[in-house]
J.: 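Right, I'll just put the structure down here and ask away after.
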Amino acid sequence: MSSDSRPHIIRGAVSLPEAELMWRFSRSSGPGGQHVNTSDSQVELRFDLAATEALPAVWKERALERLAGRLTGGVLTVRASEHRSQWRNRETAAVRMAALLAEATAPPPKARRATRIPRGINERRLREKKQRGDTKRGRSGRWD
């Protein structure tokens, strides 16, 4: 039951495994007029993150930690009901799921290395500050 012929890539060569995706369809409350009352256009996509073997162990651990608030029993759920057609909602849900997993499995940013401010820069800043203060002081009406 493939929503599209191409896989939804998470990052690099890793993509969402179609066999592990669980789809559920229901009536949508979104746009569509009377059409909404007769078609199951809302899509709910579920992915068992805790049980998957498709992700490298490091990525899986990272994703489980970062998405802890969104998981229900280790399962990540995404809903889509913006479009009238079920097919477009399936596409939207799959893309959203892949984006969520890509963000959650991304490596942490490099730690910033603290550096000292060169003495010359600090002295120049203080000198310019002093000049500015003198300029302002010269504007006052005192002529003593």
Side-chain angles (χ1 to χ4, degrees), residues 1-33 36 39-144:
M1 188 180 242
S2 175
S3 67
D4 196 357
S5 57
R6 64 175 172 53
H8 292 283
I9 294 170
I10 296 171
R11 197 169 62 250
V14 181
S15 60
L16 277 175
E18 191 63 43
E20 293 183 29
L21 298 179
M22 295 166 276
W23 299 91
R24 211 176 94 199
F25 309 100
S26 57
R27 302 231 168 112
S28 175
S29 62
V36 155
S39 64
D40 293 341
S41 60
Q42 177 172 291
V43 173
E44 184 179 284
L45 176 58
R46 297 164 55 94
F47 178 64
D48 195 344
L49 187 58
T52 189
E53 294 297 319
L55 297 177
V58 179
W59 287 21
K60 183 174 164 180
E61 208 167 294
R62 214 180 276 158
L64 283 169
E65 187 182 312
R66 291 182 183 169
L67 296 171
R70 283 196 66 143
L71 298 177
T72 308
V75 178
L76 180 62
T77 306
V78 170
R79 266 197 196 92
S81 61
E82 297 85 58
H83 306 290
R84 280 184 63 159
S85 85
Q86 185 188 99
W87 184 82
R88 285 182 69 192
N89 281 331
R90 284 173 62 111
E91 265 304 293
T92 304
V95 167
R96 207 176 285 164
M97 176 77 74
L100 252 173
L101 288 170
E103 192 178 319
T105 58
K110 281 187 176 177
R112 183 188 173 277
R113 217 178 65 188
T115 56
R116 288 189 57 222
I117 298 171
R119 191 189 312 158
I121 289 177
N122 215 13
E123 286 174 355
R124 187 179 69 205
R125 181 182 63 84
L126 292 172
R127 191 172 54 249
E128 287 171 358
K129 200 172 154 98
K130 184 96 174 102
Q131 280 179 339
R132 186 77 181 139
D134 290 343
T135 303
K136 288 187 171 190
R137 200 173 306 110
R139 292 183 188 149
S140 66
R142 294 190 317 233
W143 294 98
D144 346 29

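From a predicted model like this one, the values you see are computed outputs, not experimental measurements.
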J.: Search all heavy atoms of R66 against all heavy atoms of A106 and return the closest pair with its distance.
T.: NH1-O, 2.7 Å
J.: Please round to the nearest 0.5 Å and tell me the distance separating atom CZ of R79 and atom OG of S81.
T.: 9.0 Å
J.: About how many Å separate CG of L64 and CH2 of W59, when rounded to the nearest 0.5 Å?
T.: 14.0 Å
J.: How long is the straight-line distance from CZ of R90 back to NE2 of H83, given to the nearest 0.5 Å?
T.: 13.5 Å
J.: Do T92 and V43 touch side chain to side chain, with heavy atoms closer than 4.5 Å?
T.: no
J.: Is a donor on one side and an acceptor on the other found under 3.5 Å between the side chain of T52 and the backbone of L49?
T.: no
J.: Just verifying a value: how many Å separate T105 OG1 and E65 CD, rounded to the nearest 0.5 Å?
T.: 13.0 Å
J.: Report yes if the side chains of E44 and T77 come closer than 4.5 Å at any heavy-atom pair, otherwise no.
T.: yes
J.: Find out whether E91 and S85 are in side-chain contact, i.e. whether some heavy atom of one side chain is under 4.5 Å from a heavy atom of the other.
T.: no
J.: Counting neighbours of CD1 on I117 that are heavy atoms of other residues, nucleotides or ligands and sit closer than 6.0 Å, is the number greater than 12?
T.: no
J.: Quick check: closest heavy atoms across N89 and A80, and the distance to 0.1 Å?
T.: O-CB, 3.4 Å
J.: Checking N122 against R125 for the side-chain hydrogen bond (donor to acceptor under 3.5 Å, both in side chains) test, could you report, in this order, the C-alpha distance in whole Å, the side-chain angles of both residues, the deciding distance, and whether it holds?
T.: CA-CA 5 Å; N122 215 13; R125 181 182 63 84; 3.1 Å; yes
J.: Taking side chain as C-beta onward, heavy atoms only, is V75 less than 4.5 Å from F47?
T.: no
J.: Looking at every heavy atom in both R139 and R132, which two are closest together, and how far apart are they?
T.: NH2-NH1, 3.9 Å
J.: Would you find more than 12 non-hydrogen atoms of other residues, nucleotides or ligands less than 6.0 Å from R88 atom CZ?
T.: no
J.: I'd like to know whether CD of E103 has more than 12 heavy-atom contacts from other residues, nucleotides or ligands below 6.0 angstrom.
T.: no
J.: Would you mind reporting whether L21 and E18 have side-chain heavy atoms less than 4.5 Å apart?
T.: yes
J.: Would you confirm whether R46, through its side chain, and M22, through its main-chain N or O, come within 3.5 Å as a donor-acceptor pair?
T.: no
J.: Side chains of E53 and K60: closer than 4.5 Å at any heavy-atom pair?
T.: yes
J.: Verify, without hydrogens or angle tests, whether R70 (side chain) and V78 (backbone) share a donor-acceptor contact under 3.5 angstrom.
T.: no
